[in-house]
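Structure record follows, encoded as structure tokens.
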Amino acid sequence: MDMMNKCLHSMKIACLRMMVIVTLLFSASGCNDFFDVDSRHAASEEQQWQTMEDTRAALMGVYGLMRAALADNNTHWVCGELRGGDFTVVERADLQAVVDNNLSLNIGLVEEVADWRRFYAVINAAAVFMENASQVVENDQAYSELNLQYDLAQAHALRALAYFYMVRIWGDVPLITYSYDDGSFPEAGRTDAQDVLAYVKEELVNAMDDIPYLFGTDNNLYYQEDDSEWQGVLLNKLSVAAILAHVSMLMGNYSDAETYATFVLENYTEIGITEARKIVPVDVLVSSTGFFLGSNTTYAPNRLVAFNFLDASSETTQEGHLEQWTLADPYVQKTAPEIYVTADTLFKAFDDTGDQRFGIDTTTVQYNNVYVDMTSSRPLFKKICVVQDGSDDTNDYAVFGSTLVFTRIEELILLRAEALVMENRAVEALLDLNEMRSERGLTQLSYVKDLDSDKNKLIDAIFAERRRELMGEGWRWYDLIRRQKLLQDDSDFLQFIKEGGEYWPIAQSVLKANPNITQNKYWSN
């Protein structure tokens, strides 16, 4: 085991076979379930790219590694939700360091999150797949050219998503487009973030052309399964379009961001989302058996980009779920959560008494506490609350089965509104914002009466709605950065961004292993 850990941290990973990657990371992390996307089709060390089972196992391995990269140390939430966000920390010095942006401290969790090599495991696994999968077409008649096309599109999209995450977290990162089968990580220098994003965008545009809306239609099963097996699990055409919208937004290309978001919002029925279910109701969003439960098939298509457990009853874990830090008695046997949202923060964010997600009736002083349990001295954030497989009510085991969701329809509506404002299309942007406000019980806004026909006030209102709707889903830090770049109403924060403080430092272990990598300038002193 020590040898394997050493191999992981020095990236001396032999990558000729997909499962070698999975096995090494499996051993080093101790979080088995993050890699077992589909245990019935796990790749073997003897994989020779001979059969359709080999490609299925290898592709599922890439998905598993992507989930692991985001779930390990709760990286998705550490980077996207805790930095400068709405959560208050209870007696956790490592989490407090993240909230306070003290990322240069030599603290285990901070150093581990700062290590980008788990994302390169995804990138390398995807490259291995791309370089080998075509062999199976020749060796197994059951594996068609169309199947290969779909598989390659997903591998390219997953690699692109990994790079997108890394650019958001670290800025400039090494751009590696081939597998490093010699067992050592290439000692490449960092590539300018905009160049990486341009490459990512090209990869996604090509993948979008080759990937279907649905996998496993009546006349064309995918790996012998129909679409019910794959919805909310695999990236589809709208998933790729959603990622493209975010890549375009990060590049400052608002026209493309609006175009790709619109493509999703005009074609959602193609992936099985009915018009009545376009917006997930609040009661479904917060239910333990609702939207965030991976086995909920009704709303599976709404999880546009997500990494979940196919079998929540057997694949529940502690790590890789926000509930690990937000829940306590009576939901799990723990006296206090690690993080919570204060009442003052909630009242500031949810400022409309009609809000279905959280509010207070000033006459009866009764809370509408759907997102939060206010009966505790520290309000428990229960918006995402899938204990075990969602059916447990005994609170005996603090294990969770929720899906890690990158984006959903509601998030893209608000993203499009933001892009439309930046295209000087405020009236259209307000339609999107008011659609979300109406769905959540808020009053409609008038651009003239409520926002004084002020573009900046509309932008602020959009980000305020994103804060309410997406709380706990890993968007807060990135939204704060983007909002500040647009509104520039906090000189200290703006200077922090200009100096590169928005990015994470690079782990010391990475710097020692690769002399061509330099520390992000904000953290170099």
Side-chain angles (χ1 to χ4, degrees), residues 80-81 84-87 242 245-246 249 254 257-258 261-262 264-265 268 278-286 291 302 304 341 344-360 368-372 381 383-384 405-423 425-487 489-490:
E81 199 68 44
D86 289 325
F87 285 90
H246 281 285
M249 188 67 84
Y254 303 111
E258 182 269 323
T262 297
V264 175
L265 299 175
Y268 61 85
K278 173 186 174 184
I279 305 297
V280 179
V282 172
D283 61 340
V284 175
L285 195 67
V286 303
F291 175 76
N302 296 66
L304 294 174
V341 185
D344 287 346
T345 299
L346 290 165
F347 294 144
K348 181 179 180 180
F350 296 89
D351 55 0
D352 190 314
T353 58
D355 201 312
Q356 299 168 1
R357 297 160 297 195
F358 176 86
I360 185 170
N368 173 29
N369 56 357
V370 176
Y371 270 18
V372 180
F381 187 76
K383 173 187 176 184
I384 305 173
V405 178
F406 170 72
T407 187
R408 51 188 172 94
I409 292 288
E410 297 86 345
E411 191 271 322
L412 280 181
I413 291 173
L414 295 170
L415 188 79
R416 183 174 70 171
E418 179 187 343
L420 286 168
V421 177
M422 299 309 297
E423 291 188 279
R425 297 162 64 184
V427 174
E428 294 169 77
L430 189 59
L431 288 175
D432 279 344
L433 175 60
N434 276 335
E435 178 182 10
M436 280 305 306
R437 289 179 62 89
S438 177
E439 290 289 340
R440 298 310 186 216
L442 278 64
T443 56
Q444 299 287 280
L445 295 178
S446 163
Y447 191 48
V448 176
K449 295 180 181 179
D450 299 308
L451 302 173
D452 302 323
S453 301
D454 187 329
K455 169 183 172 180
N456 286 350
K457 288 186 177 180
L458 177 54
I459 291 172
D460 196 38
I462 291 168
F463 279 104
E465 185 56 32
R466 285 181 65 87
R467 180 187 190 184
R468 290 186 287 266
E469 177 66 20
L470 303 172
M471 186 175 286
E473 295 184 44
W475 287 107
R476 183 61 175 155
W477 175 250
Y478 307 117
D479 283 358
L480 286 171
I481 294 294
R482 211 164 59 248
R483 178 194 175 281
Q484 189 54 225
K485 288 180 178 179
L486 295 178
L487 298 183
D489 57 1
D490 184 332

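Values below: all heavy atoms of this structure, side chains included; hydrogens, waters and symmetry mates excluded.
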Taking all heavy atoms of [X] and all of [Y], pick out the closest pair and write down the distance.
X: Ala245; Y: Ala261; result: CB-N, 3.9 Å
X: Gly472; Y: Glu81; result: N-OE2, 3.2 Å
X: Met471; Y: Phe350; result: CE-CE1, 3.9 Å
X: Ala242; Y: Thr407; result: CB-CG2, 3.9 Å
X: Val341; Y: Asp86; result: CG1-O, 3.7 Å

With the side chain counted from C-beta on, respond yes when [X] and [Y] share a heavy-atom pair under 4.5 Å apart, and no when they do not.
X: Glu473; Y: Lys383; answer: yes
X: Ile413; Y: Lys278; answer: yes
X: Ile384; Y: Leu285; answer: no
X: Thr345; Y: Arg467; answer: yes
X: Tyr447; Y: Leu458; answer: yes

Is a side-chain donor or acceptor of [X] paired with a backbone partner of [Y] at a separation under 3.5 angstrom?
X: Tyr371; Y: Glu469; answer: yes
X: Gln444; Y: Asn434; answer: yes
X: Glu410; Y: Val280; answer: yes
X: Glu258; Y: Leu420; answer: no
X: Asp454; Y: Asn456; answer: yes

Could you walk me through whether Arg357 and Val372 pass side-chain contact (heavy atoms from CB on, under 4.5 Å), step by step? CA-CA 8 Å; Arg357 297 160 297 195; Val372 180; over 6 Å; no
Does the pair Arg416 and Thr262 meet the rule for a side-chain contact (heavy atoms from CB on, under 4.5 Å), with working shown? CA-CA 7 Å; Arg416 183 174 70 171; Thr262 297; 3.1 Å; yes
Could you tell me which residues satisfy side chain to side chain contact (heavy atoms under 4.5 Å, CB included) with [X], sequence neighbours excluded, listed by chain and number?
X: Thr443; result: Asp352, Arg437
X: Lys485; result: Ile481, Ile497, Glu502
X: Asp283; result: Pro281
X: Glu439; result: Ile279

So how far is it from [X] [atom1] to [Y] [atom2], rounded to the nearest 0.5 Å?
X: Met436; Y: Leu431; atom1: CE; atom2: CG; result: 14.5 Å
X: Ile462; Y: Met422; atom1: CD1; atom2: CE; result: 10.0 Å
X: Leu470; Y: Arg408; atom1: CG; atom2: CZ; result: 5.5 Å
X: Ser438; Y: Leu445; atom1: OG; atom2: CG; result: 11.5 Å
X: Leu415; Y: Leu265; atom1: CG; atom2: CG; result: 9.5 Å

One thing to verify: whether Arg468 and Asp351 come together as a salt bridge, which I'm taking to mean a side-chain N less than 4.0 angstrom from a carboxylate O. yes
Where at least one partner belongs to residues 453-475, residue pairs that pass ring pair (Phe, Tyr, Trp, His ring centres under 6.0 Å), sequence neighbours excluded: His246-Trp475, Phe406-Trp475
Glu418/Arg483 under salt bridge (charged side-chain N to carboxylate O under 4.0 Å, His left out): CA gap, chis, key distance, verdict: CA-CA 10 Å; Glu418 179 187 343; Arg483 178 194 175 281; over 6 Å; no
Residues passing the ring-ring contact (aromatic ring centres under 6.0 Å, His included) test with Phe291, sequence neighbours excluded, are none
Could you go through Leu414 and Glu435, starting from their C-alpha distance and side-chain angles, then the distance that decides it, and tell me whether this counts as side-chain contact (heavy atoms from CB on, under 4.5 Å)? CA-CA 9 Å; Leu414 295 170; Glu435 178 182 10; over 6 Å; no
Run the side-chain contact (heavy atoms from CB on, under 4.5 Å) check on Arg476 and Arg466 step by step: do they pass? CA-CA 8 Å; Arg476 183 61 175 155; Arg466 285 181 65 87; over 6 Å; no
For residues Gln484 and Asp489, is any side-chain donor paired with an opposing acceptor at under 3.5 Å? yes
Assess the residue pair Asp355 and Arg440 against the criterion (salt bridge (charged side-chain N to carboxylate O under 4.0 Å, His left out)); give the C-alpha distance rounded to whole Å, side-chain angles, the decisive distance to 0.1 Å, and a yes or no. CA-CA 6 Å; Asp355 201 312; Arg440 298 310 186 216; over 6 Å; no
